[in-house]
> 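Structure in C-alpha cells, see below.
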Amino acid sequence: MQTFAQILSQKLNEALSKVVSSDDLPEGFQADIDQSQNPQFGDYQSNVAMVLAKRVKRNPRELAAEIIEAFEAGDICDAPEIAGPGFINFRLSSAALENRLADLLADAKKLGVGAAEPEKTIVIDFSAPNVAKPMHVGHIRSTIIGDSLARIAGFLGHKVIADNHIGDWGTQFGMILWGWKNILNHDAMEEQPIEELVRVYREVNSKAKADLHFRETCKGELVKLQGGDEENLAIWEKCIELSRQGLQKIYDRLDVHFDHWLGESFYNDQLGPLVEKLVEEGIAEESDGAICVFSDNKAEKKDDPFYKNENDEWVPLPFLIRKSDGGFLYGTTDLATVDYRISEFGADSIWYVVGAPQQLHFNQLFATTERRGIETDLQFIPFGSILGKDRRMLRTRDGESVQLVDVLNESVDRARAIIEEKNPELSDEEKADIAEAIGIGAVKYAELSQFRMTDYVFDWDTMLALKGNTAPYLLNAYVRTRAIFRKMGKDFEEGGEIKLTEQAEKNLVLKLAQFGEVVPSVLSDFRPNALAAYLYEVATSYHKFWEACPVLQSEGAVRDTRLMLCELTGRVLKCGLGLLGIRTIEKM
RNA sequence: GCGCUCGUAGCUCAGCUGGAUAGAGCAACGGACUUCUAAUCCGUAGGUCCCGCGUUCGAAUCGCGGCGAGCGUGCCA
C-alpha cells in the first residue's frame, strides 16, 4: 500500500514533468511532499515551486499555478492550493480518507507499513553488559534503544540478528577471582548468587582503588586465568553462568531478546592470528612493544581518527590491537567480531548501540575495517550519558550507582499505588499485571521518547513520571479503544459502511494513515523517539475523537465508522508500542 | 590545545534531510465528570531558539567565528 505522501509525490512529479522539461531539472530531481505542520495549510505540502523557481527563472507562484494546472488529483484530494511565497498545499478528500480506513483495516499485520527495499541482514550489537557486575541505570539506554531498533528493523522486513556482546573477559575478572577465593560467603552464594557476586566485586573494587599493590595481586589472578589455569577457569565459567542467569531475569522482565550471546571470550582464539595477519598485510605494526594500526595518511588530518592535535602539532593516535605485555584489547575483539558477523551471519549491516564517549574507538575500528577491504555497512549509533546528581557521568566502575532492578521495581510500585487509588476493584492478579506493564513501559517510554543523544541527570521522578507524555497516557488511549468493545459485549467485526462526518474523525484517520510514513523514517537516523512522538499524537487524536464523537450512542454508518476508528487506533497503538518494546493491557 | 556532542518557555525536553505564526509535558491559573474508565479534554499565561557574521526567496536547522557545559584524546572497556 502506498502512503499518501508517496501517492501525492508521484502525482506531483508527473505534473512537474509536464511543466518543466527534464533538462532544466537537477539530475535525479524528485519533488518532495511533506506533512503539513498546521492544518490551515492542508494535510500535505510541497515547496517544489520555490526550490525550482530560480533554476528555471520563473516566479514561484506562477510556476506553482502551472504545476497545479497539470496536477491530476483523481479522487485523492481537492484541487491543490497555492499559499504564501509558493507553497502547494494538498487537502485529502473525505473519500480518500474513507478508502484508506478500509484499506488499513484490511492490512491487519502491517497497518500500511511497507517492506524496506532492499531487505538486509542486520546484526545489532546492544546492551552488552559486563559480566559479574550489576546492570545499572546506564545500561538501560543501549538495551532499550537497541531492542526497539531491532524490532523496527524486523517489522520492516529486514533479517535482524540481536547479539549480546557481553564483557566476559575483561580485567574485572582479576578482582573477582581474588574475591571468590578470599572473601566469598558461600552460604550467601547459595541463596542469592548474583547479589553475593555484586557484593564481592564492590568490596574488592574499593580495596583495589585504594591499594596499588593489591591491584597487582588481582592482575596476577587475571594472568593465570588468561594462561589457562584450571582453577581460575572453573571459577570464571561459574561466574559467567550465574551472571547470565541474573541478566536473563532482567531481560525477561524487559521483554528483550537476543539471538546470540557471543561475548568477548568467544573470540579469544581468533585474536592472535588476526593480529599476525594484520601485521603481515602491513595494516598494523609494532610500536613501543605494542601492535598498533597507524594512519594511512589518505584523509585530511583533522578527519583522520589516527591523528590527534597537541599544541598545534598533529601526532599519531594509534589503534591498539595488542599490548606490549601480549594482551589483547577490545579493539582486537571488535575486529574479530566484525569478521565473524560477516562470515557466519552474512551481515550486510552491523549496528552498534553504544555510548557516545566511544566515538573515537568506532571511528578507528571502522577505518581499520575499511582498510582491510571490508565494505559492510557499519553504523555507530551513539547515545548520551545518564548523569549523577553532580552532573558527572555515572561510571560503569562505580559500584554505587543505581541498579536497573531497583529502577524497575520502583516504577512498578509507583504504578501499583496509582492503580490501587483509581481502580481498587480490580483483582490482585490484574493489578499486579497492569502495574508491571505500566511500570516497565514508563521506564522504556521515558528513554525512547527523547532524542538518544540528550544527556540527562538521573532523577526518579523524571524517569518514572506517570502523567503527561508518558507510557500511561498512550496505554490509556489503547485501553479506551478496548473499553468500547468490552462495553458493547463483542469484538470488532469486519464490514459496515464508512462515513466520516466529524473533523476529529478525519484527523484521526489521517494520523493513523501516517504510521506507514513514520515507521520507516525511524531508521534513517535511528530515532525511535520519532515513533514515540507519533504515537503520542495518535493517542492525542484519539482522546480528542473520544471527547467529540460518542461511539456506542451513535447509529448506522456513523457508528460503524467510529467502531472501525477505535479498532484501527487500537491496532496502531498496540503495534507501535510493540515496536518500542512496550506491552499493552486491556484495562488499567 | 585538538576532536566529538550538546546549548530552545520557570523546569524537563521535541523540532531528522532548510519552509509558513518555534511545539509538547510538568509547574501556575480558569473551565468540563450521575461518562463509551477524568491516568482525559478545553482555555489562559509563558520565547533574544547561547551570541555574532554569512549562504538562501526563506535559518532553531546549513557554513564560519566566539561563549558555555559534558565527554574523549597510546597500552581499561
Side-chain angles (χ1 to χ4, degrees), chain A residues 32 34 36-38 40-41 45 47 50-51 53-54 60 83-87 89 128 130 167 170-172 264 287-292 302-303 305 307-314 316-325 327 329-331 333 355-361 363 382 384-385 387 391-393 396-397 415 418-419 421-423 438 449-451 453-457 459 461-462 465-470 472-473 475-477 479-480 483-488 521-522 524-527 529-530 532-533 536-537 540 543-544 546-553 562 566 587-588:
Chain A
D32 279 334
D34 296 314
S36 296
Q37 298 303 312
N38 187 330
Q40 70 170 293
F41 301 128
Q45 62 177 244
N47 54 26
M50 291 177 292
V51 172
K54 193 162 210 174
F87 290 99
N89 294 336
N130 278 317
T171 41
Q172 79 269 26
E264 294 173 343
S287 167
D288 292 341
I291 305 292
C292 312
K302 71 177 176 64
D303 300 319
Y307 277 104
K308 67 166 181 172
N309 187 300
E310 250 173 32
N311 304 324
D312 247 10
E313 207 173 322
W314 292 102
L317 182 63
F319 183 53
L320 267 75
I321 56 175
R322 197 173 76 192
K323 295 191 281 185
S324 50
D325 69 3
L329 298 103
Y330 79 138
T333 313
Q358 299 204 43
Q359 177 83 53
L360 174 63
H361 169 73
N363 284 345
S385 309
L387 310 174
R391 292 207 58 90
R392 312 289 299 181
M393 275 182 75
T396 310
R397 292 171 191 177
I418 295 173
I419 294 163
E421 177 194 323
K422 296 199 179 268
N423 279 311
I438 291 177
S449 60
Q450 70 188 337
F451 180 49
M453 283 306 294
T454 307
D455 289 347
Y456 63 92
V457 176
D459 175 79
D461 292 331
T462 309
L466 300 171
K467 297 200 288 186
N469 184 4
T470 63
Y473 179 88
L475 291 170
N476 182 45
V479 164
R480 283 178 154 190
I484 299 263
F485 295 103
R486 202 159 48 238
K487 179 87 173 186
M488 191 165 75
S521 77
V522 171
S524 68
D525 195 31
F526 310 107
R527 287 179 187 251
N529 68 306
Y536 178 70
E537 288 169 12
T540 301
H543 280 136
K544 287 179 180 175
W546 171 278
E547 299 286 331
C549 305
V551 177
L552 296 178
Q553 289 96 315
R562 289 179 181 173
C566 292
K587 297 180 190 173
M588 64 190 280

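So that the names make sense, note that chain A is the first sequence line, chain B the second, and so on, each numbered from 1.
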> Could you check A/Gly331 against A/Leu466 and say which one's nearest nucleotide on RNA chain B is further toward the 5' end?
A/Leu466
> Expressed as a whole number of angstroms, how long is the span from A/Arg480:CZ to B/U37:P?
9 Å
> Quick test: give all pairs of protein nitrogen or oxygen and nucleotides 55-57 of chain B nitrogen or oxygen below 3.5 Å, distance rounded to 0.1 Å.
unit_1 : atom_1 : unit_2  : atom_2 : d
B/C57  : OP1    : A/Lys54 : NZ     : 2.0
B/C57  : OP2    : A/Lys54 : NZ     : 3.3

> Below 4.0 angstrom from OP1 or OP2 of B/U40, is there any side-chain N or O of A/Lys544?
no
> Strictly by Watson-Crick or wobble contacts shorter than 3.5 Å, is anything paired with B/C62, and which nucleotide is it?
B/G54
> Distances under 3.5 Å only, N/O to N/O: pair up the protein atoms with those of nucleotides 23-29 of chain B.
unit_1 : atom_1 : unit_2   : atom_2 : d
B/A24  : O2'    : A/Tyr536 : OH     : 3.4
B/A27  : OP1    : A/Lys467 : NZ     : 2.7

> Which part of the nucleic acid does A/Asp303 contact within heavy-atom distance under 4.0 Å: base, sugar-phosphate only, or nothing?
nothing
> By nearest atom, which of the nucleotides B/G74, B/A39, B/A77 is closest to the A/Ile438 side chain?
B/A39
> Is the shortest side-chain N/O distance from A/Gln553 to OP1 or OP2 of B/C36 below 4.0 Å?
yes
> Which comes earlier along RNA chain B counting from the 5' end, the contact point of A/Trp546 or that of A/Gly289, where each point is its nearest nucleotide?
A/Trp546
> Base, sugar-phosphate or nothing for A/Cys292? Non-hydrogen atoms, less than 4.0 Å.
base
> What is the pairing partner of B/G72, taking Watson-Crick or G-U wobble pairs with both distances under 3.5 Å in any strand?
B/C2
> Using a 4.0 Å heavy-atom cut-off across all strands, classify A/Gln40 as base, sugar-phosphate, or nothing.
base
> Sequence neighbours left out, what passes side-chain contact (heavy atoms from CB on, under 4.5 Å) with A/Pro60? Give chain and number order.
A/Met50, A/Ala53
> What pairs of nitrogen or oxygen atoms, one from the protein and one from nucleotides 30-34 of chain B, lie under 3.5 Å apart?
none

> How long is the line joining CG of A/Leu360 and P of B/C71, in whole Å?
16 Å
> Identify, with sequence neighbours excluded, every residue that meets side-chain contact (heavy atoms from CB on, under 4.5 Å) alongside A/Met488.
A/Phe485, A/Lys490, A/Leu552, A/Arg559, A/Leu563
> Grab the CD-P distance between A/Gln359 and B/U73 for me, whole Å please.
13 Å
> Counting distance only, does the side-chain N/O of A/Ser36 pair as donor-acceptor with the main-chain N or O of A/Phe41 below 3.5 Å?
yes
> For nucleotides 60-68 of chain B, print each protein N/O atom paired with a nucleotide N/O atom at under 3.5 Å, atom names and distance only.
none

> Determine the minimum heavy-atom distance between A/Ile438 and A/Ala415, stating which atoms define it.
CG2-CB, 3.7 Å
> Considering Watson-Crick and G-U wobble pairs with both distances under 3.5 Å, what does B/C41 pair with?
B/G31
> My understanding is that only residues two or more places apart in sequence, or in another chain, count here; which of them pass side-chain contact (heavy atoms from CB on, under 4.5 Å) with A/Asp303?
A/Glu300
> Without decimals, in angstroms, what is the distance between A/Leu320 CG and B/A77 C1'?
13 Å
> Answer yes or no: is there a donor N or O on one side and an acceptor on the other, between the side chain of A/Asn89 and the main chain of A/Gln45, under 3.5 Å?
no
> At 4.0 Å (heavy atoms only), tell me whether A/Pro357 reaches a base, stays on the sugar-phosphate, or touches nothing.
sugar-phosphate
> Quick one: the side chain of A/Asn38 and the base of B/A22, do they pair up donor-acceptor inside 3.5 Å?
no
> Does A/Glu313, at its CD atom, have more than 12 non-hydrogen atoms belonging to other residues, nucleotides or ligands within less than 6.0 Å?
no
> Closest to the A/Tyr473 side chain: B/C41, B/A39, B/C36?
B/C41
> Give the B/S/- string for nucleotides 11-17 of chain B, one per nucleotide from 5' to 3', where a protein heavy atom under 4.0 Å of the base yields B, of only the sugar-phosphate yields S, and otherwise -.
-SSSSB-
> Between C1' on B/G58 and CG on A/Asn47, what's the gap in Å once rounded to a whole number?
10 Å
> Just call it for A/Ala83: base, sugar-phosphate, or nothing, with non-hydrogen atoms closer than 4.0 Å on any strand.
base
> Considering residues at least two apart in sequence or located in another chain, which fulfil the ring-ring contact (aromatic ring centres under 6.0 Å, His included) criterion with A/Phe87?
none
> Identify whether any heavy atom of A/Leu317 sits under 4.0 Å from a base atom; if not, whether one sits that close to sugar-phosphate; answer base, sugar-phosphate or nothing.
sugar-phosphate
> Checking A/Thr462 now: which residues fulfil side-chain hydrogen bond (donor to acceptor under 3.5 Å, both in side chains) with it, not counting sequence neighbours?
A/Asp459
> In whole angstrom, give the distance that lies between atom CD1 of A/Ile418 and atom P of B/U40.
10 Å
> According to side-chain contact (heavy atoms from CB on, under 4.5 Å), who are the partners of A/Ser324, at least two apart in sequence or on a separate chain?
none
> Look through every strand shown and name the nucleotide pairing with B/G18 as Watson-Crick or G-U wobble, where both distances are under 3.5 Å.
none
> Using atom CD of A/Gln37 as one end and atom P of B/A22 as the other, report the distance to the nearest whole Å.
12 Å
> B/U21 C1' sits how many Å from A/Phe87 CZ, rounded?
12 Å
> Scan A/Glu313 against the nucleic acid and name what it touches under 4.0 Å (heavy atoms): base, sugar-phosphate only, or nothing.
nothing
> With a 3.5 angstrom cut-off on both distances, give the Watson-Crick or G-U wobble partner of B/G47, or none if there isn't one.
none
> On the 0 to 90° scale, with breaks at 30° and 60°, tag the A/Tyr473-A/His543 ring pair as parallel, tilted or perpendicular.
perpendicular
> Applying a 4.0 Å non-hydrogen cut-off, can you work out what A/Leu475 is touching in the nucleic acid: base, sugar-phosphate, or nothing?
nothing
> Return the set of residues passing side-chain hydrogen bond (donor to acceptor under 3.5 Å, both in side chains) with A/Arg527 (not counting sequence neighbours), or none when no residue passes.
A/Asp525
